[in-house]
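In each ligand, atom 1 is the first atom listed, and ligand 1 is the first ligand listed.
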Amino acid sequence: MSKKFRIIANWKMNKTIPEALAFFEQLPKLSNPIYIAPAFTALFACAQKKRSDVILGAQNIYSEISGAYTGEVSANMVKDAGARFVILGHSERRQILGENNSFINKKIKQALLQDLEIILCVGETLSERNAQQTVEVLKKQLTESLFEISSNQLSKIMIAYEPIWAIGTGNAATAQMIQSIHFNLRTYISQQWSQEAAEKISILYGGSINADNILDLIEEPDIDGALIGGAALEINSFTKIIQHAGKLTP
Ligand code: PGA
């Protein structure tokens with residue numbers, strides 16, 4: 001496989017510590033590292049496995065570094081527990097917990113201060129898609145979430161295009177649809193930041209990825225990886241995905 005196709009597993013609110021560790025026991029040795037974001041509570045235990053082929057991350061952080069924010073967890077805390085990246089702006093947080101672009105922007109700045117890699121999720125609803133507003137919606141999410149982020153800082157950020165109608169529905173976008181959106185996003189990044197940043201940035205897709213449909217994505221020039229929810233929870237389906245993505249030691 002010529003291109004560096006990234007695999008990111010988002011476990012969401014699943015897996016206790018024993019369940020997470022059992023998954024790690026069964027995960028075959030990988031030829032290229034993959035990313036896994038367990039729940040906060042299992043992060044440290046997973047980090048103790050010290051697998052050089054797995055980059056661990058968090059599914060969220062708060063926008064401040066410490067203080068009276070009951071129930072929140074900061075960028076340096078997740079880093080301390082073993083995270084090297086953080087998923088920000090996931091649609092479940094936007095929709096269920098009311099996060100907006102300016103709040104996500106503050107979190108991105110905190111993550112950058114702690115030198116965490118960032119996976120910034122953007123995506124449109126079904127009604128926005130039907131109203132042909134997809135590209136406008138995505139551009140607004142990028143512009144506002146990445147406010148005051150320099151071209152240089154973009155090297156620590158990956159974009160995950162996750163259409164909300166495709167997440168957890170079994171109804172993934174087609175490879176052609178995704179390729180065309182990613183091309184638009186890359187063009188927008190080259191216009192707003194720089195050509196170099198646009199060429200280097202990884203643009204991932206997420207939404208009902210499985211071991212079959214991932215094969216079509218790998219072929220597309222502007223799809224640099226996949227953010228996987230449901231199919232990353234079960235070891236057999238996940239192993240097939242990473243095998244298809246060329247990450248298993250032959
Ligand atoms: P899914 O979730 O693979 O279960 O659709 C993807 C995501 O929410 O990141």
Side-chain angles (χ1 to χ4, degrees), residues 5-15 19-20 23 27 34-40 42-43 54-61 78 83-99 101 104 107-108 111 116-126 128-129 134 137-138 141-142 145 157-175 177-178 181-182 185 202-218 220 223-245 247:
F5 192 88
R6 294 176 195 269
I7 295 290
I8 290 106
N10 173 11
W11 281 352
K12 308 191 180 182
M13 198 175 73
N14 293 291
K15 294 198 192 294
E19 287 165 351
F23 187 96
L27 186 69
I34 58 159
Y35 291 67
I36 298 183
F40 287 140
L43 187 52
V54 177
I55 298 167
L56 288 166
Q59 299 169 19
N60 181 38
I61 52 165
V78 298
R84 285 172 52 198
F85 75 96
V86 59
I87 299 171
L88 293 175
H90 193 281
S91 65
E92 284 150 15
R93 298 204 62 85
R94 290 178 190 262
Q95 297 211 306
I96 304 169
L97 294 147
E99 292 195 6
N101 292 324
I104 293 161
K107 294 181 183 213
I108 290 175
L116 289 170
E117 214 172 341
I118 294 150
I119 296 167
L120 169 63
C121 303
V122 294
E124 83 284 8
T125 62
L126 188 58
E128 286 163 343
R129 163 161 287 265
T134 301
V137 167
L138 300 177
Q141 287 174 343
L142 280 190
S145 303
I157 301 176
M158 299 183 224
I159 308 293
Y161 168 52
E162 297 211 306
I164 294 167
W165 48 270
I167 297 177
T169 58
N171 181 24
T174 65
M177 235 185 231
I178 304 164
I181 298 286
H182 285 205
L185 294 180
S202 286
I203 308 182
L204 323 168
Y205 167 78
S208 296
I209 287 289
N210 58 40
D212 297 325
N213 60 21
I214 198 160
L215 286 168
D216 300 334
L217 306 195
I218 293 167
E220 299 292 341
I223 307 180
D224 303 314
L227 178 52
I228 303 151
L233 287 173
E234 199 269 317
I235 190 69
N236 292 328
S237 63
F238 190 59
T239 304
K240 270 197 202 119
I241 289 176
I242 52 184
Q243 187 176 17
H244 287 170
K247 309 274 180 206

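Take Arg93 and apply the salt bridge (Lys or Arg N to Asp or Glu O under 4.0 Å) test, not counting sequence neighbours, and it matches Glu99.
The line from CD1 of Ile157 to CD1 of Ile118 is 4.5 Å long, rounded to the nearest 0.5 Å.
In the displayed structure, Arg129 atom CZ is contacted under 6.0 Å by more than 12 heavy atoms of other residues, nucleotides or ligands. In Lys240, the NZ atom is not crowded: 12 or fewer heavy atoms of neighbouring residues, nucleotides or ligands sit closer than 6.0 Å.
Screening Ile181, Val137, Leu142 against Val122 for a side-chain contact (heavy atoms from CB on, under 4.5 Å) leaves a single residue, Leu142.
The aromatic rings of Phe23 and Phe238 sit tilted, their planes meeting at an angle between 30° and 60°.
A heavy-atom cutoff of 4.0 Å around ligand 1 is satisfied by the protein residues Asn10, Lys12, His90, Glu162, Ala166, Ile167, Gly168, Gly207, Ser208, Leu227, Ile228, Gly229, Gly230.
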